Amino acid sequence: MKLILLGPPGAGKGTQAKLIVDKHSIPQLSTGDMLREAVKFGSKIGKRAKAVMDAGKLVSDDIVIGIVSDRVDMENCKNGFILDGFPRTLQQADALEAMFEEKDMALDAVIELEVDDDALVERVAGRFTCGTCGEGYHDKFKLPVTPNKCDKCGENNFARRADDNEETMRSRLRAYYKETAPLVGYYYAKGFLRGVDGMGTIAKIAADVDNILKSA
Ligand code: ADP
Ligand code: ADP
Ligand code: ZN
């Protein structure tokens, strides 16, 4: 199964992607995570991406297209994958289509998580992540069951993203509406788009996503 999760920053793409990973044993390909890794390791790509990410702008298409193209060739992607945060521009979507054609792959569905702006800001402001295993949490909506102990791996190694502040979030939202939102129409026209109400609980959204995947 090859799936795209589409939606603004904080919509819940990563959260839902991880639930699909557990259920369907296909990897989550998050370009945001890959870029943050590159920044952490100080690679050439990381050095180019850092300032752009800190400003809440989009990293150049050629960089992200290159990363995704390399990643889908890896062995664990052969039964499918979830694209989380890619494509984010029409140029990336066209490149993905060409990539699929060249690699003889087919897209199954694009799931759009629809969430109000106020809720997005609240979700991003309260977001934190386990630095050891990547599990996502929220100050109000998803705290670890035992305080200071990751539900998944048991570590106390939580971190917040530098770009999850109000000012950068505003710039990320602008980038979303200007450059990524046109993909909703793009995939609707191609017959792939499935909208999900992203305002419910994590469990309710997961059930809606599951129903879509059953019929995809
Ligand atoms: P969120 O899901 O909260 O928007 P991500 O982790 O997906 O955040 O992305 C963080 C940052 O990484 C983005 O603001 C952008 O700078 C960069 N980025 C991630 N994916 C892409 C992409 N497909 N194209 C361009 N930039 C990207
Ligand atoms: P994205 O990958 O789209 O940027 P995340 O999956 O990281 O979004 O979710 C953003 C924040 O909101 C996280 O702290 C997450 O725990 C929380 N969250 C995700 N889905 C929901 C939901 N349905 N209701 C409330 N909070 C949510
Ligand atoms: Zn953990």
Side-chain angles (χ1 to χ4, degrees), residues 4-20 28-39 45-46 48-68 82-93 95-96 111-116 119-144 148-164 168-169 171-176 179-180 183 196-209:
I4 294 173
L5 290 181
L6 189 63
K13 302 180 296 296
T15 302
Q16 295 301 325
K18 288 191 169 61
L19 295 171
I20 302 170
Q28 167 197 14
L29 308 190
S30 157
T31 42
D33 286 348
M34 294 177 207
L35 290 166
R36 277 185 290 279
E37 280 288 295
V39 170
I45 284 177
R48 277 178 67 190
K50 186 176 185 311
V52 180
M53 293 171 78
D54 286 344
K57 299 202 170 121
L58 293 184
V59 173
S60 73
D61 289 328
D62 58 326
I63 289 184
V64 276
I65 290 165
I67 307 185
V68 172
I82 308 151
L83 291 169
D84 162 11
F86 179 92
R88 247 177 164 96
T89 63
L90 287 169
Q91 203 181 328
Q92 291 177 21
L96 180 67
I111 298 182
E112 185 207 359
L113 298 174
E114 300 155 352
V115 178
D116 299 347
L120 294 174
V121 173
E122 189 182 23
R123 286 185 191 182
V124 162
R127 166 160 62 188
F128 62 101
T129 309
C130 172
T132 304
C133 75
E135 183 69 358
Y137 292 96
H138 192 278
D139 291 328
K140 189 165 152 191
F141 304 118
K142 193 187 165 211
L143 282 164
N148 303 319
K149 192 169 181 278
C150 174
D151 296 350
K152 274 240 158 119
C153 73
E155 293 293 315
N156 177 11
N157 177 27
F158 299 105
R160 285 174 200 267
R161 278 168 48 179
D163 61 345
D164 277 351
T168 310
M169 178 57 181
S171 151
R172 286 157 63 201
L173 271 179
R174 270 198 302 275
Y176 177 81
E179 307 196 62
T180 310
L183 296 184
V196 167
D197 178 4
M199 292 297 290
T201 62
I202 292 172
K204 167 76 171 76
I205 297 163
D208 290 346
V209 168

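The figures here come from the full heavy-atom set of this structure, side chains too, leaving out hydrogens, waters and symmetry mates. Numbering of ligands and ligand atoms starts at 1, following listing order. Everything numeric here is computed off the predicted structure, so don't read it as measured data.
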Could you tell me if the side chain of [Y] sits less than 4.5 Å from the side chain of [X], heavy atoms only?
{"X": "Thr15", "Y": "Arg127", "result": "no"}
{"X": "Leu19", "Y": "Ile202", "result": "yes"}
{"X": "Pro8", "Y": "Leu173", "result": "yes"}
{"X": "Thr132", "Y": "Cys150", "result": "no"}
{"X": "Leu120", "Y": "Met169", "result": "yes"}
{"X": "Ile45", "Y": "Leu35", "result": "yes"}

What atoms in ligand 1 come closer than 4.0 Å to a heavy atom of [X]?
{"X": "Pro9", "answer": "1 (P), 3 (O), 4 (O)"}
{"X": "Arg127", "answer": "3 (O)"}
{"X": "Arg36", "answer": "6 (O), 10 (C)"}

Check whether Glu114 reaches the backbone of Met199 with its side chain - one donor and one acceptor, N or O, closer than 3.5 Å.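 Judged by distance alone, no pair lies under 3.5 Å.
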What protein heavy atom lies closest to [atom]? Include the residue and the distance to one decimal.
{"atom": "atom 23 (N) of ligand 2", "result": "Gly200 O, 2.9 Å"}
{"atom": "atom 19 (C) of ligand 2", "result": "Thr15 OG1, 3.4 Å"}
{"atom": "atom 5 (P) of ligand 1", "result": "Arg88 NH2, 3.7 Å"}
{"atom": "atom 21 (C) of ligand 2", "result": "Ile202 CG1, 3.4 Å"}
{"atom": "atom 12 (O) of ligand 2", "result": "Arg123 CB, 3.3 Å"}
{"atom": "atom 26 (N) of ligand 1", "result": "Val59 N, 3.1 Å"}
{"atom": "atom 8 (O) of ligand 2", "result": "Gly12 N, 3.1 Å"}
{"atom": "atom 14 (O) of ligand 1", "result": "Arg172 CG, 3.9 Å"}
{"atom": "atom 20 (N) of ligand 1", "result": "Thr31 OG1, 2.8 Å"}
{"atom": "atom 2 (O) of ligand 1", "result": "Lys13 NZ, 3.2 Å"}
{"atom": "atom 24 (N) of ligand 1", "result": "Gln92 NE2, 2.9 Å"}

Is Arg123 salt-bridged to Asp116, cutoff N-O under 4.0 Å?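 Looking at Arg123 and Asp116, the cut-off is not met.
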Charged N to carboxylate O under 4.0 angstrom, Asp151 versus Lys142?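 Salt bridge absent between Asp151 and Lys142.
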Is it the side chain, the backbone, both or neither of [X] that has a heavy atom closer than 4.0 Å to ligand 1?
{"X": "Arg161", "answer": "side chain"}
{"X": "Lys57", "answer": "backbone"}
{"X": "Val64", "answer": "side chain"}
{"X": "Met53", "answer": "both"}

Give the atom numbers and elements of ligand 2 that come within less than 4.0 Å of a heavy atom of Tyr137.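 In order of numbering, the contacting atoms are 13 (C), 14 (O), 16 (O).
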Which of the atoms in ligand 2, numbered in the order shown and given with their element, are less than 4.0 Å from a heavy-atom of Ile205?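 Within the 4.0 Å cut-off of Ile205, ligand 2 contributes 23 (N).
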Heavy atoms only, cut-off 4.0 Å: how does Thr201 contact ligand 2, side chain, backbone, both, or neither?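 For Thr201, the contact with ligand 2 is made by the backbone alone.
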Working to 10°, measure the angle at the Zn ion (ligand 3) formed by atom SG of Cys130 and atom SG of Cys150.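 It comes to 110°.
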Can you give the angle Cys133 SG - the Zn ion (ligand 3) - Cys153 SG, rounded to 10°?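 Here the angle at the metal atom is close to 120°, to 10°.
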For the pair Asp84 and Lys18, evaluate salt bridge (Lys or Arg N to Asp or Glu O under 4.0 Å) and give the outcome as yes or no after the intermediate values. CA-CA 10 Å; Asp84 162 11; Lys18 288 191 169 61; 6.0 Å; no
Between [X] and ligand 2, is there a nitrogen or oxygen pair with a distance under 3.5 Å?
{"X": "Phe141", "value": "no"}
{"X": "Ala11", "value": "yes"}
{"X": "Gly14", "value": "yes"}

If we only count N/O pairs under 3.5 Å, is Ser30 in contact with ligand 1?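 No, since none of the N or O atoms of Ser30 sits under 3.5 Å from an N or O of ligand 1.
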Side-chain donor-acceptor contacts of residues 52-67 below 3.5 Å, not counting sequence neighbours, with atom names and distances?
unit_1, atom_1, unit_2, atom_2, d
Asp54, OD2, Lys50, NZ, 2.7
Ser60, OG, Asp62, OD1, 2.5
Asp61, OD1, Thr89, OG1, 2.9
Asp61, OD1, Gln92, NE2, 2.9

Verdict with reasoning, Leu113 to Leu6, per side-chain contact (heavy atoms from CB on, under 4.5 Å): CA-CA 6 Å; Leu113 298 174; Leu6 189 63; over 6 Å; no
Could you walk me through whether Met34 and Leu29 pass the side-chain contact (heavy atoms from CB on, under 4.5 Å) test, one step at a time? CA-CA 8 Å; Met34 294 177 207; Leu29 308 190; 3.6 Å; yes
Nearest option to atom 10 (C) of ligand 2, as decided by whichever heavy atom of Gly10, Gly198, Gly7 sits closest: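 Closest candidate by heavy-atom distance is Gly10.
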Among Asp163, Leu35, Thr168, which one has a heavy atom closest to atom 27 (C) of ligand 1?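 Shortest heavy-atom distance from atom 27 (C) of ligand 1: Leu35.
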Of all residues at least two apart in sequence or in a different chain, which pass the salt bridge (charged side-chain N to carboxylate O under 4.0 Å, His left out) check with Glu122?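 With sequence neighbours excluded, Glu122 shows a salt bridge (charged side-chain N to carboxylate O under 4.0 Å, His left out) to Lys140, given in chain and number order.
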Whether over 12 other heavy atoms sit under 6.0 Å from Arg36 CZ: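 More than 12 heavy atoms, drawn from other residues, nucleotides or ligands, come within 6.0 Å of this atom.
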Check the surroundings of atom CD in Gln91: do more than 12 heavy atoms from other residues, nucleotides or ligands lie under 6.0 Å from it?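 Incorrect, the count does not exceed 12.
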May I ask you to decide if the ring planes of Tyr137 and Phe128 are parallel, tilted or perpendicular, using 30° and 60° as cut-offs?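 Aromatic pair Tyr137/Phe128 classed parallel.
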